[in-house]
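Worksheet: the structure to be examined is printed underneath.
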Amino acid sequence: MRVWIAEKPSVGRELAKYLGKGIQKSGYIEIAGTGDLVTWLFGHILQQKSPQMYDPLYASWSPALLPIVPQKWELFVKPEAKEQYQTIKELLKQADEIVHAGDPDREGQLLVDELLEYLKNKKPVKRLLLNALDEISINRALADLKNNADFQPLKESALARGRADWLIGMNLTRAYTAMARQAGYDEVMRIGRVKTPTMALVVRREREIRAFRPTKHYGLKANLEQTGKCFSAVWLIPEAFPGCDSEGRILQRDRVENVIQEILQSVKNGEAFRVEDVTKKESAEAPLLPLSLSALQIQAGKLGYTPKQVLDLAQKLYELKLTTYPRSDCDYLPATQFKDAKVILENLARSGWQAEVAGADVNRKSRAWADEKVSAHHAIIPTTLLCDKARLTKEQQDIYALIARSYLAQFYPPHRFSKTTLRVRIGNHTFQGTGKVVLEEGWRTLYKAEPDNEKPEEEAVLPDLQNGDKVSLREMNVQEKITKPPKRFNLSSIIEAMKNIHHFVQEETLKAQMKECSGIGTEATRAGILDELVQGKFLRIEKNMLYATDIAEKLFDALPESLAYPDITAIWEDKLARIAKNNFSAEAFLHSTTDFVKTLLGEAKGKTISVIEGQILCPVCKKGILKRRSGKKQGTFFWGCSRYPDCQTRYSDKRGKPDIG
């Protein structure tokens, strides 16, 4: 008899439907005939112990007790999950074999594995990998059960991540909270290996915007003509042109106006603009890949959805069996999935996508089908189940449409265009014109109606010119330009920044390595990390834009660069990925993390957080602030330094103020 363990009740119930007739029991389903039992978790049933659970001494948040490093890592059963835990424990006693049916990612692997280890299971375990909950996907997965031991490295990766997060969070949060309290802050300064660098991205962008000073600069545009066809060309500023700043911009308008007069005089003297270089190039742009969760969150952000909303909506579509596993970091598909294309496209046509499906070629195979780029899960796509739009909310329809469109694009031809670049010269001055002619819209047809879609490159039609041809001048105009400040992060662009973290690393030599990394955080955790930063009062949201708060900036100033920049965190994500592939040691990773935490705690000792405005600085230590506290007798008060016990300065209370004298 088999016991099947799913990650959540909804998945367990769907799985049971395909195993046979189910008889509902308390906390599980019995399959009639086979005697198999299907049960489920509620996410993590087990939780890592807090420091004070290891030793009551750690109930104090004194920095003197740091670092806290468990000699033996221990878990406990969450109080709200005790009943289900007991149910699973009893079911496993009856099992001949266990089937791990957790979600197909490293966290899903850990959820079931950690429980089996906690219960000291010795029975054989198989692994069921479900990427979707429709009939075809489930039956296909049931016919291809794996050996769970093959996924041990994936579990080790998740375990290493959780323990590393504990070491960073528990130790650094306590150190910086103590520091903040000395400055008069009551908030907990929650530090995290992903959370803190993400906060720092917003703080640095905030300061870049604040320090930005617009620079007005000038250029020159010429409208030219040949045989009745007009086109424009932009003056290329010479490298050594007088009056340029360090970035090659002309800051004085009269410099450009002098160039105009010089060119007009050349024309008046009979000199002509002459074509000196023409380059034509035809290009083909492949369809965008199907969607990972981050890519879906970024696209849905243009429609006004937050990352958390997108994750919740994608999860609901998955539970409705309309789309595949939502927490995917992959944007490729396995070759075996290609045979479902005909059914999926037929269903999309029946769901209202007739025109779009009519332009698709079900036999076309894009670059998306690449087994070597697919791990435990693949890109998010529609399932073979027919979608009844009438049964979906407007929000669910929007997310489904984005997923369906990205899948449809794989069966469209490339977007083909011809780009021409030409240069014309008069005297010592060169102008450049560009033109783009679309030869075939291809897959971009599907994206034309997208709101807020970035405008394509201007499609100017250029005359058919050859080297040496003369063109006439119609007019010239000074182009007045002004530099723009960096764009503030919004809820979509910060997700993109976290995923493409190589753009923000401090060490240039790490950029290539970080490009191969999947960024900081995971597809499933990024939205939650942003929520935690907002709830922790480090970030605030106004009209979908992210702003750093005062405490975030003060914390940022107290942080060492190794916490304020994503370099180390991104390297860790790379190492976690390598652990999952069994080519790096989880033990070595945690050992280096422990050493890193000790280094960070040493650096924190010399740091302070700026005192809140209006607070009274301790006259003795000049570091802490005076805080009003209750005395031993009811109704009495005194003032003490926030750095107690390091500073034991004390004053009597005099009408609500310290009696300093």
Side-chain angles (χ1 to χ4, degrees), residues 7 11 100-110 126-134 136-148 150-158 286-299 314-315 317-318 321-345 362 364-384 402-411 499-500 515-519 522-524 573-574 576-584:
E7 186 168 322
V11 177
H100 180 323
D103 284 351
D105 56 17
R106 70 184 183 193
E107 206 61 31
Q109 187 65 39
L110 177 63
K126 294 292 186 183
R127 183 65 162 107
L128 176 72
L129 296 172
L130 285 176
N131 270 303
L133 299 179
D134 61 296
I136 290 176
S137 298
I138 290 181
N139 285 333
R140 193 176 288 163
L142 289 172
D144 190 28
L145 292 180
K146 310 289 186 183
N147 186 345
N148 191 59
D150 295 342
F151 298 87
Q152 177 77 7
L154 196 63
K155 185 265 289 186
E156 290 295 327
S157 175
L288 297 175
L289 288 166
L291 300 173
S292 63
L293 176 59
S294 289
L296 177 60
Q297 288 169 324
I298 292 164
Q299 286 196 18
Q315 177 67 31
L317 291 171
Y318 171 66
K321 300 183 275 188
L322 295 174
T323 58
T324 59
Y325 182 67
R327 292 171 174 80
S328 175
D329 61 354
C330 180
D331 38 21
Y332 288 89
L333 299 167
T336 54
Q337 200 282 334
F338 188 75
K339 61 178 175 286
D340 295 335
K342 187 174 185 295
V343 174
I344 294 174
L345 292 185
V362 74
R364 181 182 293 276
K365 205 168 191 178
S366 75
R367 61 190 171 125
W369 278 271
D371 287 343
E372 70 278 6
K373 296 184 179 181
V374 176
S375 53
H377 38 72
H378 57 65
I380 309 169
I381 61 172
T383 65
T384 55
L402 293 176
I403 295 169
R405 182 181 63 178
S406 73
Y407 183 77
L408 268 170
Q410 307 313 308
F411 303 94
K499 186 175 179 67
N500 298 305
K515 197 170 183 179
E516 300 301 317
C517 167
S518 58
T522 67
E523 304 292 320
E573 290 290 353
D574 180 58
L576 289 169
R578 289 167 56 195
I579 292 170
K581 294 175 183 176
N582 204 26
N583 59 18
F584 193 75

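- T383 places a side-chain N or O within donor-acceptor distance of the main-chain N or O of K321, the cut-off being under 3.5 Å.
- Residues L317 and P326 fail the side-chain proximity criterion, which asks for heavy atoms closer than 4.5 Å.
- Inter-residue side-chain proximity for D329 and T522 is flagged as unmet; no heavy-atom pair is nearer than 4.5 Å.
- Separating the CD1 atom in I344 from the NZ atom in K339 is a distance of 11.0 Å, to the nearest 0.5 Å.
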Can D574 and L576 be said to form a side chain to side chain contact (heavy atoms under 4.5 Å, CB included), step by step? CA-CA 5 Å; D574 180 58; L576 289 169; over 6 Å; no

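- Minimum interatomic distance between P290 and A368 (heavy atoms only, all atoms of both residues): CD-CB, 3.5 Å.
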Dump the intermediate steps for salt bridge (charged side-chain N to carboxylate O under 4.0 Å, His left out) on K146 and D144, then the final yes or no. CA-CA 6 Å; K146 310 289 186 183; D144 190 28; 3.0 Å; yes

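- A132 and Y318 make their closest contact through CA-CE1, 3.8 Å (heavy atoms, listed as atom of the first residue, atom of the second, distance).
- Looking at S157 and K581, their side chains never come closer than 4.5 Å, going by heavy atoms from C-beta outward.
- You'll find the side chain of L296 stays beyond 4.5 Å of the side chain of Q299, heavy atoms only.
- In this structure, I579 CD1 and N583 CG are separated by 9.0 Å, a value rounded to the nearest 0.5 Å.
- Interatomic distance, CG of N131 versus OG1 of T323, reported as 11.5 Å (0.5 Å rounding).
- Of the N and O atoms on the side chains of R140 and Q337, not one donor lies less than 3.5 Å from an acceptor on the other residue.
- The side-chain heavy atoms of L130 and S137, taken from C-beta on, include no pair separated by under 4.5 Å.
- In this structure, E7 contributes its side chain and P104 its backbone to no donor-acceptor pair below 3.5 Å.
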Hey, mind stepping through F338 and L333 against side chain to side chain contact (heavy atoms under 4.5 Å, CB included) and telling me if it holds? CA-CA 8 Å; F338 188 75; L333 299 167; over 6 Å; no

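- Judged by distance alone, with hydrogens and angles left aside, the side-chain atoms of T324 form a donor-acceptor pair with the main-chain N or O of I381 at under 3.5 Å.
- In this structure, SG in C330 is found 12.5 Å from CG in L293, a value given to the nearest 0.5 Å.
- The two atoms that bring L129 and A141 nearest to each other are O-CB, 3.4 Å, heavy atoms only.
- L291 has its side chain out of reach of Y407: every pair of non-hydrogen atoms, C-beta onward, lies at least 4.5 Å apart.
- Counted by atom type alone, Y325 and D105 present one or more donor-acceptor pairs between their side chains at under 3.5 Å.
- Counting all heavy atoms, side chain and backbone alike, F411 lies closest to A341 at CZ-CB, 3.5 Å.
- Residues D331 and H378 fail the side-chain proximity criterion, which asks for heavy atoms closer than 4.5 Å.
- With D134 as reference, T384 is the one residue of L322, N139, T384 to meet the side-chain contact (heavy atoms from CB on, under 4.5 Å) rule.
- Not a single donor-acceptor pair under 3.5 Å links the side chain of E523 to the backbone N or O of R327.
- There is a side-chain donor-acceptor pair under 3.5 Å between R127 and Q109.
- Side-chain atoms of R367 come within 3.5 Å of backbone atoms of P287 as a donor-acceptor pair (strictly under, hydrogens ignored).
- Across Q410 and S366, no two heavy atoms sit closer than the pair OE1-OG, 2.7 Å.
- The NZ atom of K155 sits 9.5 Å away from the CG atom of N148 when rounded to the nearest 0.5 Å.
- Salt-bridge annotation for K342 and D340: absent, with no side-chain N of the basic residue lying under 4.0 Å from a carboxylate O of the acidic one.
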